[in-house]
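First the structure, in the form of structure tokens, and then the observations on it.
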Amino acid sequence: MRNKFYKGITALLLAALLLPLKVQAAELPEELQVVEMTEEEAAYYLGLCETGAGSLMRGTFTNVSLHVLRDDGQLMVVCATSTSEIASELGTKQMILEVKNGIFWIPVATLEKASRTNARNHSGGFYYKNPTSGSTYRATGIHFAIINGKEYTSYADSGTITY
């Protein structure tokens, strides 16, 4: 009897995982949904974020942070990367904005490499112009620094925000 119960639960869970996901189509073409920020804009929005919300690191990185903010009908993803030494290049390899759909996270916007040369810090980010009211979003990203010819990377997660 107990074995039938577990088989029934397993079958229900498997069926739920195989159901097609309902994903809302974006109204704007992708190139209009994501607009890259200037370093000055990113630094301004980073200043609005809570102090200490980033990930303090030891060794090469002194700080990596990634945040999702909402303002004026859009979402903003902002990041900062700092190193203890001058890097020949540093920034993010990729930042991905995701929306939660049930138990899954679905990418809705991506900003490929944003970086700066011969510096100890970099701020960057992008605006997402088509958020859905009531949806939960998060951002993930990979920070990097190239110092003395060696590449270092660090993963960051923004936490979640409901729009």
Side-chain angles (χ1 to χ4, degrees), residues 21 23-24 26-148 150-163:
L21 296 175
V23 179
Q24 252 183 324
E27 295 174 12
L28 298 172
E30 186 173 335
E31 63 272 5
L32 298 178
Q33 291 179 17
V34 177
V35 177
E36 189 170 359
M37 290 181 181
T38 64
E39 279 199 59
E40 293 79 20
E41 290 171 317
Y44 170 78
Y45 288 116
L46 283 165
L48 298 178
C49 297
E50 287 184 47
T51 305
S55 303
L56 295 177
M57 310 294 285
R58 293 191 178 178
T60 304
F61 291 103
T62 55
N63 184 34
V64 296
S65 64
L66 188 60
H67 304 276
V68 178
L69 307 158
R70 59 183 271 178
D71 185 40
D72 197 27
Q74 60 191 356
L75 285 177
M76 294 164 281
V77 176
V78 293
C79 71
T81 308
S82 301
T83 61
S84 56
E85 300 178 49
I86 292 178
S88 58
E89 186 177 13
L90 82 157
T92 54
K93 286 183 173 248
Q94 185 179 64
M95 287 185 280
I96 301 171
L97 179 66
E98 301 171 316
V99 65
K100 190 165 190 179
N101 186 342
I103 61 172
F104 300 100
W105 287 98
I106 299 170
V108 292
T110 301
L111 179 65
E112 296 299 329
K113 188 175 179 182
S115 65
R116 184 174 187 194
T117 57
N118 300 317
R120 285 193 173 126
N121 56 55
H122 173 264
S123 320
F126 63 90
Y127 300 96
Y128 180 63
K129 304 276 187 182
N130 198 28
T132 303
S133 181
S135 292
T136 301
Y137 294 89
R138 74 173 181 189
T140 60
I142 299 172
H143 298 259
F144 79 99
I146 300 173
I147 300 173
N148 297 323
K150 184 174 179 185
E151 184 173 355
Y152 301 88
T153 60
S154 179
Y155 173 83
D157 182 324
S158 68
T160 63
I161 186 171
T162 301
Y163 185 80

query: For G125 and L111, which heavy atoms make the closest approach, and how far apart are they?
result: O-CD2, 3.7 Å
query: From I86 CD1 over to N121 CG, what is the distance, rounded to the nearest 0.5 angstrom?
result: 10.5 Å
query: Quick one: does Q94's side chain get under 4.5 Å of T110's, heavy atoms only?
result: yes
- request: Determine the sole option in T162, T160, N101 for which the side chain to side chain donor-acceptor pair (under 3.5 Å) test with T136 is passed.
  value: T162
query: Taking only residues at least two apart or on different chains, which pairs with a member in residues 99-115 satisfy salt bridge (Lys or Arg N to Asp or Glu O under 4.0 Å)?
result: E89-K113
- prompt: Quick one: CD1 on I161 to CG on L75, what's the gap to the nearest 0.5 Å?
  reply: 6.5 Å
statement: Rounding to 0.5 Å, atoms CG (L97) and CH2 (W105) come to a distance of 9.0 Å
Heavy-atom pair with the smallest gap, counting every atom of K129 and P131: C-CD, 3.3 Å
- prompt: Between atom CD1 of I147 and atom OG1 of T83, what is the distance when rounded to the nearest 0.5 Å?
  reply: 4.5 Å
query: Minimum heavy-atom separation for T81 to G91, with atom names?
result: OG1-O, 3.5 Å
- request: Among V64, T62, L90, find the residue that satisfies the side-chain contact (heavy atoms from CB on, under 4.5 Å) test when tested with S82.
  value: T62
message: With side-chain contact (heavy atoms from CB on, under 4.5 Å) as the criterion, how do V35 and Q74 come out once you've worked through the C-alpha distance, each side chain's angles and the decisive distance to 0.1 Å?
response: CA-CA 11 Å; V35 177; Q74 60 191 356; over 6 Å; no
- line: Heavy-atom nearest pair, L66 first then C79, reads CD1-CB, 3.7 Å
CD on E41 to OG on S123, rounded to 0.5 Å: 11.5 Å
- request: Measure the CE-CE distance between M37 and M76 for me, rounded to the nearest 0.5 Å.
  value: 5.5 Å
message: What verdict does the side-chain contact (heavy atoms from CB on, under 4.5 Å) test give for Y137 and T132, after you've listed the backbone C-alpha separation in whole Å, the side-chain angles of each residue and the deciding distance to 0.1 Å?
response: CA-CA 10 Å; Y137 294 89; T132 303; 3.8 Å; yes
message: Could you report the tightest heavy-atom contact between F126 and M95, atom names first, then the distance?
response: CE2-CB, 3.9 Å
- line: Between R120 and S84, the two heavy atoms sitting closest are NE-O, 3.7 Å
message: Looking at T140, is its backbone amide N or carbonyl O close enough to the side chain of Y155 to form a donor-acceptor pair, meaning the two atoms are under 3.5 Å apart?
response: no
task: Starting from the C-alpha separation in whole Å, work towards a yes-or-no answer on side-chain contact (heavy atoms from CB on, under 4.5 Å) for F144 and S115.
output: CA-CA 9 Å; F144 79 99; S115 65; 3.8 Å; yes
